[in-house]
Engineer: 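Okay, handing you the structure first.
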Amino acid sequence: MANVHDEAVTRLDSAVSEVFETMLARSCDPLDGDVDTVDGRIVARIQFTGAVDGECLLYASQATASVTAEALLGTPSEPHDPMVADAIGELCNMIAGGWKSKLASPDSNCSISTPAVTRDGLEGYQAKFTTRFSRNYSFQGNVFGVVLAF
């Protein structure tokens, strides 16, 4: 199980790094510790179906989401701007897609959903999967978390 965990986290770290370097022109480094799932966070969710059934969740504070949107879109964004939710959803989509692209066949034969974004944190969220891999990341002092669950 440790080897599976290490491989999943290595793929995730690589996907996050590639997305940030390519799409946001920023470096992004993993941090130790659990993902903070307090209320008031913006959460994007992508589901995997097929050879792999699971989900990818991206968590960020409203402030981090705003900074991320600005880096991705190239224009200033206020925390409650609808474009911030769109940008966080697209960031989750790119990270989930990057992680999926690193899977070997037959696991790579899965589809990913469009992103669902909420500003309600995890209120009402019911975990469907028992195996979870979580990681915090930081770019320019802004921290966000990603969880993969299967």
Side-chain angles (χ1 to χ4, degrees), residues 1-62 64-69 71-73 77 81-139 142-150:
M1 182 66 179
N3 192 33
V4 171
H5 178 270
D6 291 346
E7 288 176 18
V9 170
T10 298
R11 274 192 224 93
L12 180 59
D13 288 350
S14 178
V16 169
S17 178
E18 289 171 9
V19 167
F20 269 76
E21 288 174 10
T22 303
M23 302 305 294
L24 286 80
R26 308 281 194 286
S27 65
C28 186
D29 300 309
L31 299 173
D32 292 326
D34 292 329
V35 174
D36 181 6
T37 58
V38 298
D39 293 338
R41 301 256 169 184
I42 189 166
V43 179
R45 179 178 173 203
I46 295 283
Q47 294 181 306
F48 298 97
T49 55
V52 172
D53 287 323
E55 59 192 1
C56 176
L57 298 135
L58 186 146
Y59 305 86
S61 69
Q62 298 291 339
T64 295
S66 181
V67 170
T68 304
L72 186 61
L73 302 172
S77 300
D81 183 333
M83 292 301 292
V84 171
D86 291 344
I88 291 301
E90 185 54 31
L91 181 64
C92 185
N93 185 44
M94 289 185 289
I95 291 170
W99 184 84
K100 177 189 171 280
S101 74
K102 297 174 186 321
L103 295 174
S105 189
D107 289 342
S108 61
N109 296 327
C110 62
S111 299
I112 59 175
S113 69
T114 57
V117 180
T118 180
R119 293 179 185 267
D120 298 328
L122 289 179
E123 190 161 325
Y125 173 73
Q126 296 292 321
K128 300 178 200 174
F129 305 99
T130 56
T131 303
R132 295 172 47 101
F133 308 103
S134 63
R135 192 82 148 149
N136 285 337
Y137 296 91
S138 175
F139 72 100
N142 300 286
V143 177
F144 66 96
V146 179
V147 173
L148 290 170
F150 305 97

Engineer: Going through the distances and angles, do Ser108 and Ser105 end up as a side-chain contact (heavy atoms from CB on, under 4.5 Å)?
Structural biologist: CA-CA 5 Å; Ser108 61; Ser105 189; 4.1 Å; yes
Engineer: Lys100 side chain to Cys110 main-chain N or O, any donor-acceptor pair under 3.5 Å?
Structural biologist: yes
Engineer: Looking at every heavy atom in both Cys92 and Cys56, which two are closest together, and how far apart are they?
Structural biologist: SG-O, 3.6 Å
Engineer: Using distance alone, with no hydrogens and no angle criterion, decide if Gln62 and Ser66 have a side-chain donor and acceptor under 3.5 Å apart.
Structural biologist: no
Engineer: Looking only at non-hydrogen atoms, find the nearest pair between Ile46 and Ser113 and report the distance.
Structural biologist: CD1-O, 3.4 Å
Engineer: What closest approach, in Å, do Ala65 and Ile42 show between heavy atoms, and which atom pair accounts for it?
Structural biologist: CB-CG2, 3.5 Å
Engineer: So how far is it from Lys102 NZ to Glu7 CD, rounded to the nearest 0.5 Å?
Structural biologist: 13.5 Å
Engineer: Quick check: do Trp99 and Phe133 have side-chain heavy atoms less than 4.5 Å from each other?
Structural biologist: no
Engineer: When rounded to the nearest 0.5 angstrom, what is the spacing between CZ in Arg132 and CG in Leu57?
Structural biologist: 7.0 Å
Engineer: With a 4.5 Å limit on heavy-atom distance, are the side chains of Ser138 and Asp29 in contact?
Structural biologist: no
Engineer: Determine whether a donor-acceptor pair (N or O, by modelled atom type, separation under 3.5 Å) exists between the side chain of Thr10 and the backbone of Asp6.
Structural biologist: yes
Engineer: Could you tell me whether the side chain of Phe139 reaches within less than 4.5 Å of the side chain of Val16, counting heavy atoms only?
Structural biologist: no
Engineer: Leu58 and Tyr137: side-chain contact (heavy atoms from CB on, under 4.5 Å), yes or no, with the steps?
Structural biologist: CA-CA 11 Å; Leu58 186 146; Tyr137 296 91; over 6 Å; no
Engineer: Determine the minimum heavy-atom distance between Ala8 and Leu148, stating which atoms define it.
Structural biologist: O-CD1, 4.5 Å
Engineer: In Å and rounded to the nearest 0.5 Å, what is the OG1 to CD distance from Thr114 to Gln47?
Structural biologist: 9.0 Å
Engineer: Less than 4.5 Å apart, side chain to side chain, heavy atoms only: is that true for Asn93 and Ile112?
Structural biologist: yes
Engineer: Hey, could you give me the CD1/OG distance between Ile95 and Ser17, rounded to the nearest 0.5 Å?
Structural biologist: 10.5 Å
Engineer: Fit a plane to each ring of Phe144 and Phe20, take the angle between them on a 0 to 90° scale, and name the class: parallel (under 30°), tilted (30 to 60°) or perpendicular (over 60°).
Structural biologist: parallel
Engineer: State, with a plain yes or no, whether a side-chain heavy atom of Pro115 is found less than 4.5 Å away from one of Arg45.
Structural biologist: no
Engineer: How many angstroms lie between CG in Leu24 and CG in Leu73, if you round to the nearest 0.5 Å?
Structural biologist: 9.0 Å
Engineer: So, do Thr68 and Asn142 sit near enough that their side-chain heavy atoms are less than 4.5 Å apart?
Structural biologist: no
Engineer: So which atom in Glu55 and which in Phe48 form the shortest heavy-atom distance, rounded to 0.1 Å?
Structural biologist: N-CD1, 3.7 Å
Engineer: As an exercise, state the distance from CG of Leu72 to CD of Glu90, rounded to the nearest 0.5 Å.
Structural biologist: 7.0 Å
Engineer: So which heavy atom on Arg119 is nearest to which on Asp81, and how close?
Structural biologist: NH2-O, 3.0 Å
